[in-house]
Amino acid sequence: MGNDDKLEVATLAGGCFWCTEAVFLELKGVEKVIPGYIGGKTVNPTYKEICEGDTDHAEAIQIEFNPKEISFGELLELFFATHDPTTLNRQGNDVGTQYRSEIFYHNEEQREIASDFIRFLTQENVFEKPIVTKLSPATVFYVAEDYHHNYFNQNKTQGFCAFVIAPKVAKVRTYFKDKLKESSNE
């Protein structure tokens with residue numbers, strides 16, 4: 001990466017951060033994906049506190065990406081393709097406000113792109129039910145505990161990884177081949 005390649009940040013909450021981290025790590029132009037917590041009231045929340053649902057934080061990922069290789073809009077395309085944006089405070093069997101669908105924008109341009117993208121998906125009736133994904137300004141992002149980082153790749157045989165995350169990664173490898181890092185094309 002050249003010195004003139006300035007990275008940008010995207011913060012997305014689409015349910016379990018183990019799932020979202022795994023799919024975004026596959027993409028060209030994504031330099032780093034960090035799981036964490038955002039949008040709540042507790043300072044330095046722990047995973048246990050998040051799971052109890054009292055902090056109002058969402059499980060989210062913070063993505064550092066090179067906009068010359070992948071755009072914020074392309075990140076949103078993958079985001080909406082790999083989670084259900086029509087279920088309020090739930091993804092599959094995971095239920096609670098920590099599993100909500102939310103885009104935490106870092107500037108006005110990201111807000112506009114996200115708003116336009118949601119409007120487009122709605123007009124095209126891409127989903128059978130209304131999209132409930134919230135748009136919110138990014139607030140303090142708390143990095144999750146170390147054992148959550150790169151969780152899928154370190155725990156592929158664990159039940160949740162094998163039955164919930166692996167199919168999402170396979171979907172990305174099938175439908176987003178042109179956006180994958182070379183090492184992901186296996």
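The aromatic rings of Tyr37 and His148 stand perpendicular to each other, their planes meeting at an angle above 60°, with 30° marking the opposite boundary.
Looking at Pro67 and Phe72, their side chains never come closer than 4.5 Å, going by heavy atoms from C-beta outward. Within the 4.5 Å cutoff, the side chain of Tyr105 has heavy atoms near those of the Pro137 side chain. Under the 4.5 Å side-chain criterion, counting only non-hydrogen atoms from C-beta, Leu78 is not in contact with Glu74. You'll find the side chain of Phe80 reaches within 4.5 Å of the side chain of Ile118, heavy atoms only. Side-chain contact between Phe65 and Leu7 is absent, with no heavy-atom pair separated by less than 4.5 Å. Within the 4.5 Å cutoff, no side-chain heavy atoms of Gln62 are placed close to those of Val33. You'll find the side chain of Pro130 stays beyond 4.5 Å of the side chain of Thr86, heavy atoms only.
Side-chain contact, His83 with Thr20: no donor N or O sits under 3.5 Å from an acceptor N or O. A donor-acceptor contact closer than 3.5 angstrom is absent between the side chains of Thr42 and Thr55.
Looking at His149, its side chain does come within 3.5 Å of a backbone N or O of Ala144 through a donor-acceptor pair. Judged by distance alone, the side chain of Thr174 and the main-chain N or O of Ala170 form a donor-acceptor pair under 3.5 Å. Within the 3.5 Å criterion, the main-chain N or O of Asp84 finds a donor-acceptor partner in the side chain of Gln91. Looking at Gln110, its side chain does come within 3.5 Å of a backbone N or O of His106 through a donor-acceptor pair.
The same ILVMFWY cluster, assembled from side-chain heavy atoms under 4.5 Å apart, contains both Val140 and Leu135. By the criterion of side-chain heavy atoms lying less than 4.5 angstrom apart, applied directly or through intervening Ile, Leu, Val, Met, Phe, Trp or Tyr residues, Val9 is not grouped with Ile70; the two fall into different hydrophobic clusters. Note on Leu76: it clusters hydrophobically with Val30, by side-chain heavy-atom contacts below 4.5 Å among ILVMFWY residues. Under the 4.5 Å side-chain contact rule for hydrophobic residues, Phe79 and Phe127 share a cluster. Tracing side-chain contacts under 4.5 Å through hydrophobic residues (I, L, V, M, F, W, Y), one never reaches Ile34 starting from Ile50; they form parts of separate clusters.
Annotation for Cys19 and Lys168: closest pair CB-CD, 4.0 Å, computed over non-hydrogen atoms. Contact detail for Phe24 and Ile61: the closest heavy-atom pair is CD1-CD1, 3.4 Å. When all heavy atoms are compared, the tightest approach of Arg173 to Leu180 is CA-CD1, 3.7 Å. Summarising the geometry of Thr139 relative to Gly39, their closest heavy-atom pair is OG1-N, 3.5 Å, with the distance given to 0.1 Å. The two residues Phe141 and Pro35 have their closest heavy-atom pair at CZ-C, 3.8 Å. Between Thr46 and Glu145, the closest heavy-atom pair is CA-OE2, 3.4 Å.
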Test side-chain contact (heavy atoms from CB on, under 4.5 Å) on Tyr142 and Asn44 and set out the steps. CA-CA 6 Å; Tyr142 297 100; Asn44 292 318; 3.4 Å; yes
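Rounding to the nearest 0.5 Å gives a distance of 8.5 Å between CD1 of Ile131 and OG of Ser101. One distance of note links CG of Asn89 with OH of Tyr99; it measures 11.5 Å at 0.5 Å rounding. We find the OG1-CZ distance between Thr82 and Phe176 to be 7.0 Å, quoted to the nearest 0.5 Å. The structure places CD1 of Ile38 at 15.5 Å from CD of Gln98, a figure rounded to the nearest 0.5 Å. A distance of 10.0 Å separates CZ in Arg100 from CG in Leu88, rounded to the nearest 0.5 Å. Put simply, CZ on Phe117 and OG1 on Thr133 are 10.5 Å apart, with the number rounded to the nearest 0.5 Å.
Ion pair Glu26/Lys181 not flagged as a salt bridge, since none of the NZ, NE, NH1 or NH2 atoms sits closer than 4.0 Å to an Asp/Glu carboxylate oxygen.
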